[in-house]
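The block underneath contains the structure these notes are about, expressed in structure tokens.
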Amino acid sequence: MPELPEVETTVRGLERVLLGKHIARVEMRRGDLRRAFPPDLGQRLTGAKVTGMGRRGKYGLIETDRGDTLVFHLGMSGKWRVDPGELHPHDHLLIETGDGRRLTLNDPRRFGSVDLVATEEVDSWGPIGKLGTEPTEIGSGMLHELLRGRTAPIKALLLDQRIVAGLGNIYACEALHRAHIDPRRAAGRLSRERVARLVEAIREVIAEAIEAGGSTLRDYARPDGELGYFSARFSVYDREGQPCACGGRVRRIVQGGRSTFYCPRCQH
DNA sequence: AGATATTCCTGGAGGC
DNA sequence: TGCCTCCAGGAATATC
């Protein structure tokens with residue numbers, strides 16, 4: 001389930017293979033993901049040189065010297081495979097570099113997307129233009145202001161990409177646990193101090209996940225050739241019924257159709 | 001406008 | 001073993 005840390009790790013992995021390299025060949029195998037692939041994706045990428053790599057929220061960015069940026073989203077099952085041996089059924093896009101490396105975008109559930117956007121328009125481009133602040137850049141005063149008057153549970157608003165960009169279900173749960181905040185609490189009723197604690201927790205959880213992902217990345221050229229995803233020991237996520245560090249028991253509830261895991265003993 | 005529900009899709013888990 | 005149902009998730013869209 002790629003959230004910000006997994007996308008960041010993916011981008012760093014792709015950077016080693018792509019940055020400064022020419023794209024020799026592009027093969028669109030199945031283009032009907034969330035959106036159809038741009039029909040001219042192949043011709044606009046073929047022969048181009050990759051001049052930069054980046055990330056915004058959960059979107060990965062591959063910038064070329066033609067003024068285009070490939071914007072990808074991994075949805076929930078997407079991943080890039082580096083030098084895959086043979087192609088798999090869900091390898092929807094294949095990119096070959098001038099020095100013979102191969103990359104495939106694999107996404108069984110096809111919730112992901114691939115778009116080609118003029119580089120100078122990326123920041124204002126539809127989905128990215130609507131995104132809120134990066135977790136690393138948001139201040140507690142700013143978040144407190146954004147949450148003011150909101151009656152929805154804090155958990156639901158942490159998943160709203162227009163407020164903070166990049167959190168998904170896992171890290172929203174983990175951050176709330178670390179900040180000792182009850183996920184059901186109305187977002188607008190959190191004190192300034194608790195919002196500050198939440199911001200700190202979000203930053204820590206994200207940073208640790210990226211660090212752990214980076215260490216997995218060191219051996220990303222494993223036999224299966226896949227980029228390694230962060231698989232940490234979560235404190236609460238997917239741990240229903242198991243003990244919390246405080247001695248409580250992790251509970252699962254449903255909010256907005258999504259599972260929330262939290263500890264009733266230490267989250268208030 | 002804000003909150004909530006529904007939709008897309010496939011693989012894996014669990015039930016019988 | 002095999003078949004069935006259900007569930008996971010992000011983001012767009014619909015509905016209250």
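For A:Gln255 and A:Thr260, the side-chain atoms include at least one donor-acceptor pair closer than 3.5 Å.
Between A:Leu147 atom CG and B:dG2 atom C1' there is a gap of 14 Å when expressed in whole angstrom units. Distance, A:Phe111 CZ to B:dG11 C1': 12 Å, rounded to whole Å. Taking atom CG of residue A:Asp107 and atom P of nucleotide B:dT10, one finds them 10 Å apart after rounding to whole Å. The nearest whole Å value for the distance from the CG atom in A:Asp160 to the P atom in B:dA1 is 15 Å. Per the geometry, NZ belonging to A:Lys130 stands 9 Å off C1' belonging to C:dA12, to the nearest Å. As a whole-Å value, the separation of A:Arg110 CZ from C:dA8 C1' is 17 Å. The distance from atom NZ of A:Lys79 to atom C1' of B:dG11 is 11 Å, rounded to the nearest whole Å. Protein atom CD1 of A:Ile170 is 10 Å distant from nucleotide atom C1' of C:dA8, rounded to whole Å.
Of the candidates C:dG10, B:dG11, B:dG2, the closest approach to any side-chain atom of A:Thr151 belongs to B:dG2. Checking B:dT4, B:dC9, C:dA8 against the side-chain heavy atoms of A:Pro153 singles out B:dT4 as nearest. Nearest nucleotide to the A:Ala152 side chain, out of C:dA12, B:dT4, B:dC9: B:dT4.
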Going by atom type alone, with no hydrogens or angles, which donor-acceptor pairs under 3.5 Å involve a side-chain atom of residues 141-154 of chain A and a protein atom two or more places apart or on another chain?
{"unit_1": "A:His144", "atom_1": "NE2", "unit_2": "A:Leu190", "atom_2": "O", "d": "3.4"}
{"unit_1": "A:Glu145", "atom_1": "OE2", "unit_2": "A:Arg148", "atom_2": "NE", "d": "3.3"}
{"unit_1": "A:Glu145", "atom_1": "OE2", "unit_2": "A:Arg148", "atom_2": "NH2", "d": "3.2"}

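The side chain of A:Lys58 places an N or O atom within less than 4.0 Å of a non-bridging phosphate oxygen (OP1 or OP2) of C:dA11. Between A:Arg252 and the phosphate of C:dA8, there is a side-chain N or O to OP1/OP2 separation shorter than 4.0 Å. Put simply, A:Ser77 has no side-chain N or O that comes within less than 4.0 Å of OP1 or OP2 on B:dG11. In this structure, A:Ser113 does not reach the C:dA11 phosphate: none of its side-chain N or O atoms is under 4.0 Å from OP1 or OP2. A:His90 has no side-chain polar atom (N or O) that falls below the 4.0 Å cut-off from OP1 or OP2 of B:dC9.
Evaluation of atom-type donor-acceptor distances gives no pair under 3.5 Å for the side chain of A:Arg150 against the base of B:dG2.
Annotation: A:Lys49, atom NZ; neighbour count of heavy atoms from other residues, nucleotides and ligands within 6.0 Å does not exceed 12. In A:Arg162, the CZ atom is not crowded: 12 or fewer heavy atoms of neighbouring residues, nucleotides or ligands sit closer than 6.0 Å. Few gaps surround CZ on A:Arg29; more than 12 heavy atoms of other groups in view lie less than 6.0 Å from it.
Nucleic acid contact class of A:Gly168 (heavy atoms, under 4.0 Å, all strands): sugar-phosphate only.
Where A:Gly257 and A:His73 meet DNA chain C, the nucleotide closest to each residue was compared, and A:Gly257 sits on the side nearer the 5' end. Between A:Gly149 and A:Arg258, it is A:Gly149 whose nearest contact on DNA chain B lies nearer the 5' terminus. Ranked by how close their nearest DNA chain C nucleotide is to the 5' end, A:Arg109 and A:Pro127 are led by A:Arg109.
Between A:Trp80 and A:Leu74, some side-chain heavy-atom pair lies under the 4.5 Å cut-off.
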